[in-house]
Amino acid sequence: MPSRLFTKTALALGLCLVAAPVAQAQSAVSEGQRLAFDRSKGNCLTCHQIKGGDLPGSIGPKLENLKLRYDRNELVAILNDETTRNPQTAMPPFGRNRILTEQEINAIVDFLQTL
Amino acid sequence: MRIHPALSFLAAVLALVAPAVAAPAAEKPDPAADAKAFQDFFRKKFPQVKFEDFVNGPYSMNEDMRKQWEEKEQFPPYEFALEAGKEMFEKPFKNGKTYADCFANGGIGIRQTYPYFDDKEGKVVTLELALNRCREANGEAPYSYVKDEMAALTAYMAYTSRGKPFDIKIPDDPRALEAYERGKEYFYTRRGQLNFSCASCHVQNPGERIRAEILAPALGILNAMPIYRSEWSGMGTISRRFTTCNSQIRGVPLEPQSEEYRDLEYYLSYVSNGLPISGPGARP
């Protein structure tokens with residue numbers, strides 16, 4: 001009995017070790033998605049169509065294939081304060097106005113890069 | 001997304017507002033030219049919308065919604081408020097007088113002339129404010145600006161003015177021009193944690209969806225007030241709508257009928273001159 005328990009535990013641990021980097025990346029992505037969809041956080045669906053989200057608005061463009069057009073820093077900058085690129089934009093300055101923390105913006109960018 | 005035409009208009013407006021802020025004495029504002037540019041902007045942006053139709057807010061922007069609305073208008077959800085408003089309007093105060101005693105033409109068919117600039121007071125007077133002043137002058141307690149009683153009274157007064165074009169005057173009085181300019185500046189100034197101006201939504205993005213809601217154009221945006229909103233399951237006054245829009249952007253709403261809101265209403269009504277009163281309205 002004890003030995004079987006031990007093997008099971010060891011197996012589980014082993015799996016964990018192997019899967020860790022992938023799992024971590026996935027959890028950042030899903031955390032980013034959660035933050036992007038949460039109405040009291042990013043609430044990005046208010047303006048953007050995003051894969052996996054319901055009732056999107058149409059003020060901004062559909063968010064897709066972002067990796068082809070923007071590197072990570074550019075996406076962070078857009079979230080931080082899009083008015084620097086376009087002074088008239090309707091998009092809120094999430095970083096500048098502290099709607100989202102740096103960490104939250106990073107998680108959302110992880111998610112954006114999968115779109 | 002229709003960013004570009006809005007941009008050029010906004011840029012033009014900002015150019016107009018900015019110097020006025022920086023150097024008040026510089027150039028005399030020209031509300032008539034303003035209103036024309038404002039109306040032309042919307043006509044050009046929505047060539048398929050008939051001019052009188054702009055008073056129908058989101059319904060003027062979307063065919064499907066319009067059909068639902070036309071069906072709804074067969075049994076208008078504001079009917080109840082309208083009946084209550086008529087009764088309230090006609091019922092004498094404790095002192096025997098009525099609302100009719102406070103207004104030109106007994107208060108019938110005059111909605112389109114509000115707000116007006118009161119030259120004795122040197123300030124803008126809206127219909128909601130005038131109604132409460134009437135109550136107080138007759139020894140009655142004022143109503144809440146955001147609740148049902150005020151909406152019922154303004155619903156009835158709007159109804160008796162249906163079809164009459166907005167006829168807002170800006171007398172040749174520097175204080176009236178200033179009030180107008182302040183209202184305009186408020187409308188185009190970004191605020192709140194989300195950094196929106198009224199124009200971000202109602203000039204740059206009318207017809208677009210913000211979540212499931214279709215944004216109304218700023219042209220004619222007050223003509224249908226007060227409105228029954230299914231989302232509120234009740235009526236809303238202009239005061240209620242202004243404070244709600246301010247809260248939505250995580251801004252701090254002003255006091256209803258504060259001077260800023262009155263000036264804002266003055267600006268928005270003036271630039272809709274010529275469009276018919278259509279209130280009370282129904283909205284999703």
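Just so it is clear: chains get the letters A, B, ... in the order the sequence lines come, proteins before strands, and each one is counted from 1.
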Inset, instruction - May I ask you to say whether B/Glu63 pairs ionically with B/Arg66, meaning some side-chain N is under 4.0 Å from a carboxylate O? - result: no
Legend entry - Test item: side-chain donor near acceptor, B/Asn246 and B/Thr243, under 3.5 Å: no
Legend entry - B/Leu215, part contacting chain A, at a heavy-atom distance under 4.5 Å: side chain
Legend entry - Closest-packed option against chain A by number of heavy-atom pairs under 4.5 Å, given B/Glu213, B/Gln193, B/Arg211, B/Arg209: B/Arg211
Inset, instruction - Could you tell me whether B/Tyr270 and B/Tyr266 have their ring centroids closer than 6.0 angstrom? - result: no
Legend entry - Residues A/Glu74, A/Arg69: salt bridge by 4.0 Å N-O rule: no
Legend entry - Pick from A/Cys47, A/Pro92, A/Pro87 with the largest number of heavy-atom pairs that fall under 4.5 Å of chain B: A/Pro92
